[in-house]
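Computation of the quantities below employed the complete heavy-atom set of this structure, encompassing side-chain atoms and omitting hydrogens, waters and symmetry-equivalent molecules. Just so it is clear: chains get the letters A, B, ... in the order the sequence lines come, proteins before strands, and each one is counted from 1.
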Amino acid sequence: MSLRHFLTTQDYSRAEIDALLEQAAAFKRSPRGQQLAGKSVALLFFNPSMRTRTSFELGAFHLGGHAIVLSPGKDAWPIEFRPNVVMDGEAEEHIAEVARVLSRYVDLIAVRAFPKFQDWSVDREDAVIKAFAQYATVPVINMETITHPCQELAHALALKERFGDLTGRKYVLTWTYHPKPLNTAVANSALLIATKMGMDVTLLCPTPDYVLDKRYMAFGEQNAKENGGSLKVSHNIEEAYRGADVVYAKSWGALPFFGRWENEKPIRDAHKHFIVDEAKMALTNNGVFSHCLPLRRNIKATDAVMDSPACIAIDEAENRLHVQKAVMASLIDQR
Amino acid sequence: MSLRHFLTTQDYSRAEIDALLEQAAAFKRSPRGQQLAGKSVALLFFNPSMRTRTSFELGAFHLGGHAIVLSPGKDAWPIEFRPNVVMDGEAEEHIAEVARVLSRYVDLIAVRAFPKFQDWSVDREDAVIKAFAQYATVPVINMETITHPCQELAHALALKERFGDLTGRKYVLTWTYHPKPLNTAVANSALLIATKMGMDVTLLCPTPDYVLDKRYMAFGEQNAKENGGSLKVSHNIEEAYRGADVVYAKSWGALPFFGRWENEKPIRDAHKHFIVDEAKMALTNNGVFSHCLPLRRNIKATDAVMDSPACIAIDEAENRLHVQKAVMASLIDQR
Amino acid sequence: MSLRHFLTTQDYSRAEIDALLEQAAAFKRSPRGQQLAGKSVALLFFNPSMRTRTSFELGAFHLGGHAIVLSPGKDAWPIEFRPNVVMDGEAEEHIAEVARVLSRYVDLIAVRAFPKFQDWSVDREDAVIKAFAQYATVPVINMETITHPCQELAHALALKERFGDLTGRKYVLTWTYHPKPLNTAVANSALLIATKMGMDVTLLCPTPDYVLDKRYMAFGEQNAKENGGSLKVSHNIEEAYRGADVVYAKSWGALPFFGRWENEKPIRDAHKHFIVDEAKMALTNNGVFSHCLPLRRNIKATDAVMDSPACIAIDEAENRLHVQKAVMASLIDQR
């Protein structure tokens with residue numbers, strides 16, 4: 001089967017990632033095109049979105065195509081993903097039919113499907129998007145599941161706009177407090193792309209419980225080895241920030257506490273001081289700050305940091321539009 | 001009033017239906033066109049949808065037009081359909097204004113409005129779409145109310161793709177179990193189109209209670225007479241399947257139990273064996289199987305049947321796109 | 001800062017309003033164009049809509065552009081509008097980021113944000129749309145907050161279609177009963193545009209409690225002075241209707257009772273006779289009737305009035321499409 005999807009950047013070589021980023025930069029300079037003329041993409045949101053939906057919908061429009069926005073379980077039927085089951089529950093339709101029929105209608109299928117936050121051993125299998133990729137006969141794009149590869153590209157493009165070559169830059173991925181336990185997807189993705197770009201990456205988090213899934217730690221190690229960077233874990237704020245070129249913030253729930261969040265809450269609550277503030281940024285090498293958004297101001301980062309020239313979060317968000325056009329154009333092109 | 005709608009295939013002659021199917025086949029070969037250039041269609045969903053919405057929205061796009069998706073009562077105001085009432089209830093707006101204003105904005109209005117399942121004598125009047133047709137000054141399209149004429153055309157096209165001329169083919173419409181009492185629309189429609197195409201039609205259902213509304217039975221008889229086929233009712237699974245060229249499955253609630261579904265439930269539950277399986281399909285004349293989707297696997301049909309080459313449900317679903325383009329293009333053309 | 005928004009007609013001179021109406025009339029004669037070719041508009045609905053959404057979405061399409069429909073808090077994150085707060089509540093994102101990111105994606109941002117109906121001193125600040133205008137780097141359009149300037153233009157165009165020059169026409173804005181306390185936005189807007197067009201305006205309402213906010217009464221006085229008309233308040237139905245050229249109806253909640261609606265209810269309930277009926281219309285100078293829609297028939301106006309040739313509510317609704325195209329084209333043009 002030669003059909004190529006965009007499920008994770010780990011399926012793409014460094015050269016392929018660089019080519020997507022170059023195409024995205026070209027779209028940023030010259031936004032219109034006919035790469036998707038008469039073509040369509042289905043955007044399936046199992047979870048809500050504003051930036052993702054807007055940027056994909058506009059990206060398709062800019063290239064002559066059309067996006068269909070669907071919210072299964074809300075304005076469409078709930079879907080069954082397990083094979084060989086007697087469907088006597090809530091689901092009215094099986095992914096086999098959903099993916100096959102959509103593939104007859106559209107040229108690309110993009111899927112957002114967050115973890116259920118009850119059992120990480122289940123969530124880490126990423127069953128929803130894998131089922132789409134299995135049954136669809138058109139390319140499938142990850143709009144955030146347990147990784148967020150489109151955000152990775154947007155982030156990398158924003159960093160390249162500031163730094164040019166990223167090799168050897170000191171990169172800190174810092175956990176921050178948030179009142180709820182959030183998805184690890186963007187954190188996993190930050191590890192993947194930062195190591196892929198050959199940076200010296202520090203994962204800063206409150207305790208070993210907040211280290212990310214071993215799969216992504218291993219991918220990070222492998223990427224670092226292949227691209228001349230490094231990956232380490234730190235629980236020391238000052239050490240991690242000192243001399244950093246890039247501070248990337250994200251909150252996430254600790255995997256060992258998955259499904260019993262009341263036990264994690266006191267630990268999280270005790271680490272509100274992980275907020276990104278001016279004092280911490282002053283330790284960096286005149287570093288830039290970014291975040292995938294949405295961001296709770298004065299919880300994850302202070303107003304002063306968000307409104308400073310060091311903050312490139314808006315550029316990163318803008319870049320979602322450009323990189324997704326590059327991804328869609330490249331996937332259409334293979335067909 | 002010469003304005004023509006697409007409310008039911010009974011308003012269309014056999015020759016007109018054949019012409020729509022030919023146009024649909026042409027769109028299937030060559031999907032793009034300018035038949036709706038600059039034109040728009042409002043898609044009003046009083047009930048949710050995935051296939052219908054996607055295929056109409058894409059169909060408009062393929063032909064240069066634009067679809068507006070509206071969900072009255074969800075992202076728009078609830079609507080009053082009765083004439084001459086003092087509107088002191090929930091409804092904020094009368095169909096007279098809704099239909100007249102929409103007619104000023106768009107070139108076509110498509111409506112999905114399911115029965116309320118409380119009183120069949122009310123539901124069978126199909127008041128919602130009739131009110132749209134009464135007040136609108138642009139053509140109105142039925143996206144499923146108590147019949148589903150777009151599904152009929154998609155079904156007929158899929159059958160013609162397999163068989164060519166359908167005259168004299170043995171066609172079985174079989175009731176199947178489903179945990180909820182469902183709409184009879186697709187079953188009514190199957191009767192209408194199968195008899196219109198001149199097939200020998202058997203309506204297979206558990207008991208006389210599951211026979212369809214006398215209006216559609218009578219239309220079926222009349223169609224059979226005019227087109228050289230036949231229509232009969234059977235409660236014998238083996239007899240019905242034996243030698244069949246086409247098996248079309250659908251679940252529906254028994255009309256005599258409308259509004260008191262707890263009384264029907266034990267009857268329905270006693271007929272789970274109406275599921276379409278390999279043993280039953282083996283009785284057919286190497287027949288094809290289809291269903292309108294969504295379909296609960298291993299409840300209405302087994303995995304083995306759904307995944308067999310005999311299953312043309314995906315083709316039928318794809319054909320929704322093509323036939324709806326034909327319908328929209330034909331209705332626009334009259335104006 | 002030279003960026004111009006469309007937040008209220010008070011920011012526009014009479015000559016500018018006349019130019020927008022002329023452009024709208026031109027679009028009504030010739031609906032298609034390329035004024036928004038490749039451009040996009042985000043439609044943010046904090047409150048539901050049918051006409052507004054349909055007319056903006058179609059307007060963008062007719063001019064070669066694309067509208068993105070977003071419902072914050074429903075299919076997107078809830079948003080924080082206050083500056084400098086610790087965001088530990090429901091809101092996941094600050095307007096600063098929402099508006100800045102959207103401004104990178106789209107060329108126009110249109111916002112519907114109704115009052116909360118709890119504290120008029122808060123609602124009258126119109127904080128939501130002002131925050132968008134403050135942070136956005138593209139033009140912002142008011143799709144109804146505490147005024148409804150698009151409705152004003154549609155209303156004025158419909159009146160000009162009937163009367164030509166409006167100077168000196170007798171105009172009655174009449175309160176009507178409605179079971180719920182409604183937004184004063186359209187009433188405020190009726191005052192603004194009727195006085196701006198130089199008409200002799202009577203605000204007819206049950207008691208002094210129903211007089212509109214002093215800000216809009218003062219704008220009305222000022223407009224009347226500048227454009228040769230007048231503004232007065234009346235509680236006498238017969239006096240107000242007698243000799244009127246235009247009757248415009250709207251229901252609204254009395255400002256002194258804001259947030260304690262149970263106290264206003266008996267007053268409202270005692271004035272159901274403010275309904276627009278044939279007897280009242282017979283007092284006019286063969287006047288026209290209009291309403292912004294949605295309208296509860298036989299509550300705000302009788303069937304006889306709604307279905308009479310005097311009713312121009314459908315024309316006014318249609319004009320939303322044309323005037324909004326004029327507004328979008330004019331705002332894009334400045335960039």
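- Results of the salt bridge (charged side-chain N to carboxylate O under 4.0 Å, His left out) test with A/Arg297 over C/Glu80, C/Glu97, C/Glu93 single out C/Glu97 as the only residue that passes.
- Not a single ring pair (Phe, Tyr, Trp, His ring centres under 6.0 Å) links A/Tyr105 to another residue, sequence neighbours left out.
- Atom CZ of C/Arg104 and atom CG of A/Leu58 lie 14.5 Å apart (nearest 0.5 Å).
- Residues A/Arg53 and C/Val69 approach most closely at NH1-O, 2.8 Å, considering heavy atoms.
- For the atom pair OG (C/Ser40) and CD (A/Glu57), the distance works out to 9.5 Å, reported to the nearest 0.5 Å.
- Among residues 82-92 of chain C, the residues having any heavy atom closer than 4.5 Å to a heavy atom of chain A are, in sequence order, C/Asn84, C/Val85, C/Val86, C/Met87, C/Asp88, C/Gly89, C/Glu90, C/Ala91, C/Glu92.
- Heavy atoms closer than 4.5 Å to chain A are found nowhere in C/Ala37, neither backbone nor side chain.
- No side-chain heavy atom of C/Val101 sits less than 4.5 Å from a side-chain heavy atom of A/Glu318.
- Looking at A/Asn47, there are no atoms closer than 4.5 Å to chain C (heavy atoms on both sides), in backbone or side chain.
- Proximity of a side-chain donor or acceptor of A/Arg32 to a complementary backbone N or O of C/Gly38 within less than 3.5 Å is detected.
- A/Asp315 has no carboxylate O lying under 4.0 Å from a charged side-chain N of C/Arg100, or vice versa, which leaves the two without a salt bridge.
- Contacts between A/Lys300 and chain C at a heavy-atom distance below 4.5 Å are absent for every atom of the residue.
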